[in-house]
Amino acid sequence: MVRARPPMSLIDPVEHLKQRVAELLHDVPDEVREAMRLTPPKDRRFGDLALPCFPLAKLRQQPPPAAAAELAAAFTADDVVEAANATGPFVNFRLRRGAIARYVVTGVLTRQAPFGPAAPNGKKIVIDFSSPNIAKPFHMGHLRSTVIGGALRRIHRHLGCEVHGINHLGDWGSQFGKIMTAFRRWGSDVELAKRPMHHLFEIYVRYGAEKNDALEAESAEAFRRLESGEDNPERRLWQKLRDVSLEAFRGPYERLGVEFDHITGESFYEDKMEAAIEKIEATGIVTESEGARVVELEDRGMPPCILRKSDGTTIYATRDLAAVFYRMAEFSFDRALYVVGSEQNLHFQQLVAVLDKMGLPVANKIEHVPFGLILSKDANTGKWGKFSTRGGNAIFLEEVLDEAVANVRRIIAEKNPDLEDADQVAEAVGVSAIIFNDLKNSRIKDVKFDWELLLNFEGETGPYVQYAVARLSGILRKSEVGANGEAPQIPLDRVDFEQLADAEQVLLTMLEFGPTVERAAELNEPSAITSLMIRLAGDIHSYLRDHNVIRAEPDLQMARLALVAAARDLLRVGLALLGVATPDRM
RNA sequence: GCGCCCGUAGCUCAGCUGGAUAGAGCGUCGGCCUCCGAAGCCGAAGGUCAGAGGUUCGAAUCCUCUCGGGCGUACCA
């Protein structure tokens with residue numbers, strides 16, 4: 001007796017095809033089957049998925065086209081796979097449009113994985129990200145770690161991992177001695193109250209300009225006193241500056257929509273470093289060198305990792321090691337990601353090397369997730385260069401966000417003057433444009449910070465994708481099925497998915513969502529999702545050109561409304577993972 | 001010097017871990033708003049995938065070398 005499938009169980013057409021292919025190749029060695037992976041065909045006209053037959057041909061000592069022909073002939077169509085055709089050395093499979101549509105539309109609208117969050121998978125991941133230096137304004141340099149880390153936190157969580165997002169604030173260390181020294185010289189409580197971050201930035205720049213041996217010595221002494229553990233003036237000043245900074249950081253984080261599960265900066269490990277150092281000392285790998293306590297790494301081609309400086313104070317490596325020990329005990333994580341600029345590559349190699357020398361398995365759970373710099377264009381030479389905080393040409397994040405929002409506001413006034421809540425929409429679109437821009441390219445690439453590029457909202461930009469959402473929302477509004485609700489009331493049991501055959505481009509792109517999110521997580525590369533969103537938005541825009549929804553016959557209209565609702569929701573899901581807002585109107 | 005990263009259209013970048021004729025956006029040129037949103041769509045032009053070897057049925061993709069650029073190279077983070 002064959003039992004009918006439960007009504008809501010969904011068949012992923014691609015997974016189904018993979019199984020069918022595996023069955024087809026059941027008698028070939030595993031390695032050959034492994035080598036024969038389904039790939040997108042060169043041209044969609046060939047089919048939806050292609051199977052290169054070279055490895056099989058080699059095994060059977062026959063020409064690849066013959067092997068492909070045999071496989072295609074042996075394949076029988078079913079209710080998901082429509083056909084298998086051999087063209088040259090490839091077998092091209094074509095999936096039934098109705099099957100794809102049913103899977104994708106139903107999956108999205110009922111929020112089933114991979115379109116909705118997956119069930120918990122038991123994996124624990126800690127993500128160390130953002131981590132700005134206290135007492136300095138939140139500038140563009142901090143944006144990347146914040147935005148990439150925020151996206152990764154949501155992506156891994158979407159896939160069912162238990163994620164701990166940690167803001168490892170730079171609120172400790174010898175740089176603090178400098179800031180305290182600067183504040184004592186030139187600081188003003190009045191200014192600090194008025195414009196805290198700008199004031200701290202000013203005195204920091206001044207310190208850099210007036211730096212000399214006496215100042216440096218004073219700063220080192222200030223940090224030494226801070227780290228002494230005593231309740232002294234240094235500690236009270238540090239506390240004050242830290243409080244002020246944390247308060248000031250709330251603004252950017254709120255605007256960017258970034259959240260943390262733990263805000264435990266470097267100072268959190270102040271009372272855990274002694275134990276950490278002892279733990280490392282106990283393994284016998286620590287030596288004295290030039291007055292400092294270090295782990296020699298010459299055998300691995302690296303400079304030594306310093307645990308304690310010659311003046312007795314600690315260094316960031318010490319705190320990172322203490323943090324690893326703490327997080328191991330606290331979270332028993334499977335993976336620890338560090339979303340930190342690529343210029344700190346060596347530091348993380350050293351960190352791993354030390355853990356490895358200690359014989360700790362945690363060494364291979366540490367993953368540095370590096371990213372490129374933000375470059376600014378020199379107005380005179382036209383060449384790209386590094387922002388220098390010291391030179392004072394750092395761009396503050398607030399400034400950038402404000403500028404982008406103001407620009408959006410102007411565009412709204414021009415294109416959609418009657419828009420309600422124009423200010424809120426401008427905020428959402430402007431901030432999103434900045435986030436989107438940062439997540440658009442591979443994270444390892446440097447980001448060229450160009451106002452002109454940033455303020456252009458056409459083409460592959462955040463507003464372009466958001467515009468697709470707004471258009472789709474507009475259609476749903478007019479259709480009266482969805483109004484403004486998050487989940488439009490589409491009666492899925494009355495949708496004839498066969499009617500959506502003409503939307504194959506949209507459907508095939510939506511079908512890639514699951515694998516794309518997987519890949520984004522695997523590579524820690526949010527840009528994979530960004531690219532897909534751009535493509536989906538484009539497919540939708542093209543589709544809407546030739547296929548009217550509102551004026552279609554009832555059955556067709558219902559099917560298209562389901563598609564429109566699903567496409568909009570999937571854009572929203574994907575963009576939400578990236579931290580990009582999706583207003584209904586713009 | 002050594003280590004890591006990058007090099008694809010005029011510019012900014014994709015290229016799904018080795019598959020078929022290398023793709024987008026911006027910019028340029030040309031079309032499309034009596035038609036659900038023109039922040040849109042359609043089309044054209046534009047390439048020695050930095051260069052040279054190698055690996056194999058097949059290389060932008062993997063290996064070696066060269067060139068160019070970036071970052072880092074013990075008491076900053």
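Letters A, B, ... are given to chains in the order of the sequence lines, protein chains preceding strands, and every chain is numbered from 1. Below, each value reflects all heavy atoms present in this structure, side chains not excepted, and no hydrogens, waters or symmetry copies.
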### Query
Is the shortest distance from a Lys or Arg side-chain nitrogen in A/Arg535 or A/Glu512 to a carboxylate oxygen in the other one below 4.0 Å?
yes

### Message
Closest approach to the side chain of A/Pro55, judged atom by atom: which nucleotide of B/A20, B/U12, B/G19 is it?
### Response
B/G19

#### Entry: Watson-Crick or G-U wobble partner of B/C62, both distances under 3.5 Å
B/G54

### Message
Using OP1 and OP2 only, check whether a side-chain N or O of A/Thr87 sits under 4.0 Å from B/A20.
### Response
no

#### Entry: Aro-ring/base stack A/Phe90-B/G19, d under 5.5 Å, angle under 30°
no

### Query
Base, sugar-phosphate alone, or nothing: which one does A/Arg308 contact when heavy atoms must sit under 4.0 Å apart?
nothing

### Task
Describe the nucleic acid contact of A/His547 in one word from base, sugar-phosphate, nothing, applying a heavy-atom distance below 4.0 Å.
base

### Task
Name the nucleic acid region contacted by A/Asn437, choosing base, sugar-phosphate or nothing; use a 4.0 angstrom heavy-atom cut-off, strictly under.
nothing

### Message
Distance check, P atoms only: B/G43 and B/G58, in whole angstrom units.
### Response
36 Å

### Task
Please lay out, stage by stage, how A/Glu216 and A/Tyr207 fare under the test side-chain hydrogen bond (donor to acceptor under 3.5 Å, both in side chains).
CA-CA 10 Å; A/Glu216 293 286 87; A/Tyr207 183 95; 2.6 Å; yes

### Message
Whether the side chain of A/Asp171 and the base of B/A77 hold a donor-acceptor pair under 3.5 Å is what I'd like checked.
### Response
no

### Message
Taking any heavy-atom pair under 4.0 Å as a contact, classify A/Leu419: base, sugar-phosphate, or nothing.
### Response
nothing

### Query
Considering only side-chain heavy atoms of A/Phe54, which listed nucleotide, B/G15, B/G19, B/C36, is closest?
B/G19

### Task
Return the value, rounded to whole Å, for the distance between atom CG of A/Asn441 and atom C1' of B/U12.
7 Å

When you compare the protein's N or O atoms with those of nucleotides 23-27 of chain B, which come within less than 3.5 Å of each other, and at what distance?
| from | atom 1 | to | atom 2 | distance (Å) |
| --- | --- | --- | --- | --- |
| B/A24 | O2' | A/Glu460 | OE2 | 2.5 |
| B/G25 | O4' | A/Glu460 | OE2 | 3.3 |
| B/G25 | O2' | A/Glu460 | N | 3.3 |

### Query
Counting heavy atoms not belonging to A/Asp213, are there more than 12 under 6.0 Å from its CG?
no

### Task
For A/Gln466 and B/A38, give me the distance from atom CD to atom C1', rounded to whole Å.
17 Å

### Message
Counting the atoms with a prime plus P, OP1 and OP2 as sugar-phosphate, which does A/Tyr464 contact under 4.0 Å by heavy atoms, base, sugar-phosphate, or nothing?
### Response
sugar-phosphate

### Message
Is A/Lys415 close enough to B/C33 that one of its side-chain N or O atoms is under 4.0 Å from OP1 or OP2 there?
### Response
no

### Query
For A/Ser542 and B/C42, is the shortest distance between a side-chain N/O and OP1 or OP2 below 4.0 Å?
yes

### Task
Assign A/Ala50 to base, sugar-phosphate, or nothing according to its heavy-atom contacts below 4.0 angstrom with the strands shown.
base

#### Entry: Watson-Crick or G-U wobble mate for B/A39, both contacts under 3.5 Å
none

### Message
Taking B/G15 as the reference, what is the distance to B/G7 when you measure between their C1' atoms (whole Å, please)?
### Response
15 Å

### Message
Determine whether A/Arg319 and A/Thr314 satisfy the following criterion, side-chain hydrogen bond (donor to acceptor under 3.5 Å, both in side chains), listing intermediate values before the conclusion.
### Response
CA-CA 8 Å; A/Arg319 293 184 280 280; A/Thr314 61; 2.9 Å; yes

### Nucleotide B/G70, atom C1' - distance to CZ of A/Phe449 in whole Å
20 Å

### Query
Under 3.5 Å, is there a donor-acceptor pair between the A/Gln466 and A/Ser432 side chains?
yes

### Query
Once you round it to whole Å, what is the distance between C1' of B/A77 and CG of A/Asp128?
12 Å

### Task
Without swapping roles, check the side chain of A/His547 against the backbone of A/Leu544 for a donor-acceptor pair under 3.5 Å.
no

### Message
Work out how far the P atom of B/A24 is from that of B/G18, and round it to whole angstrom.
### Response
23 Å

### N or O in side chain of A/Arg471 less than 4.0 angstrom from B/A38 OP1/OP2
yes

### Task
Report yes if at least one side-chain N or O of A/Lys58 is closer than 4.0 Å to OP1 or OP2 of B/G58; otherwise report no.
no

### Task
Using the P atom on both, measure B/G54 against B/A59 and round to a whole Å.
12 Å

### Task
Determine whether the aromatic ring centres of A/His168 and A/Tyr338 lie less than 6.0 Å apart.
no

### Query
When you compare B/G46 with B/C62, how far apart are their C1' atoms, in angstrom units rounded to a whole number?
30 Å

### Task
State whether A/Arg37 places a side-chain N or O below 4.0 Å from either non-bridging phosphate oxygen (OP1 or OP2) of B/U17.
yes

### Query
For A/Ser174 and B/C76, is the shortest distance between a side-chain N/O and OP1 or OP2 below 4.0 Å?
yes

### Query
Does A/Phe46 lie flat on the base of B/A20, that is, centres under 5.5 Å apart and planes under 30° off?
yes

### Query
Does NZ or CZ of A/Lys136 fall inside the cone over A/Tyr204's six-membered ring, less than 6.0 Å from its centre and within 45° of the axis?
yes

## Note on the structure
Pairing partner of B/G1, by Watson-Crick or G-U wobble and under 3.5 Å for both distances, is B/U73

### Message
Does either side chain, that of A/Gln505 or that of A/Arg44, offer a donor lying less than 3.5 Å from an acceptor on the other one?
### Response
yes

### Task
Please evaluate the base of B/A77 for a donor-acceptor partner in the side chain of A/Tyr316 within a cut-off of under 3.5 Å?
yes

### Separation of atom CZ in A/Phe436 from atom P in B/A14, rounded to whole Å
13 Å

### Task
Would you classify A/Pro40 as touching base, sugar-phosphate or nothing, given that sugar-phosphate means primed atoms plus P, OP1 and OP2, and contacts are heavy atoms under 4.0 Å?
base

### Task
Report which part of the nucleic acid A/Ser527 touches: base, sugar-phosphate, or nothing (heavy-atom distance under 4.0 Å, all strands).
nothing

### Task
Mind calculating the distance between CG (A/Asn548) and C1' (B/G37) to the nearest angstrom?
13 Å

### Query
Taking CD from A/Glu343 and P from B/C71, how many angstroms apart are they, rounded to a whole number?
10 Å

### Task
For the pair A/Arg572 and A/Asp584, evaluate salt bridge (charged side-chain N to carboxylate O under 4.0 Å, His left out) and give the outcome as yes or no after the intermediate values.
CA-CA 10 Å; A/Arg572 281 194 161 158; A/Asp584 279 307; 2.8 Å; yes

### Query
Is A/Glu290 side chain donor-acceptor paired with the B/A74 base, going by distance under 3.5 Å alone?
yes

### Query
For A/Tyr204 and B/A77, what is the distance between atoms OH and C1' respectively, to the nearest whole Å?
10 Å

### Query
Across all strands shown, which nucleotide pairs with B/G25 by Watson-Crick or G-U wobble geometry, both distances under 3.5 Å?
B/C11

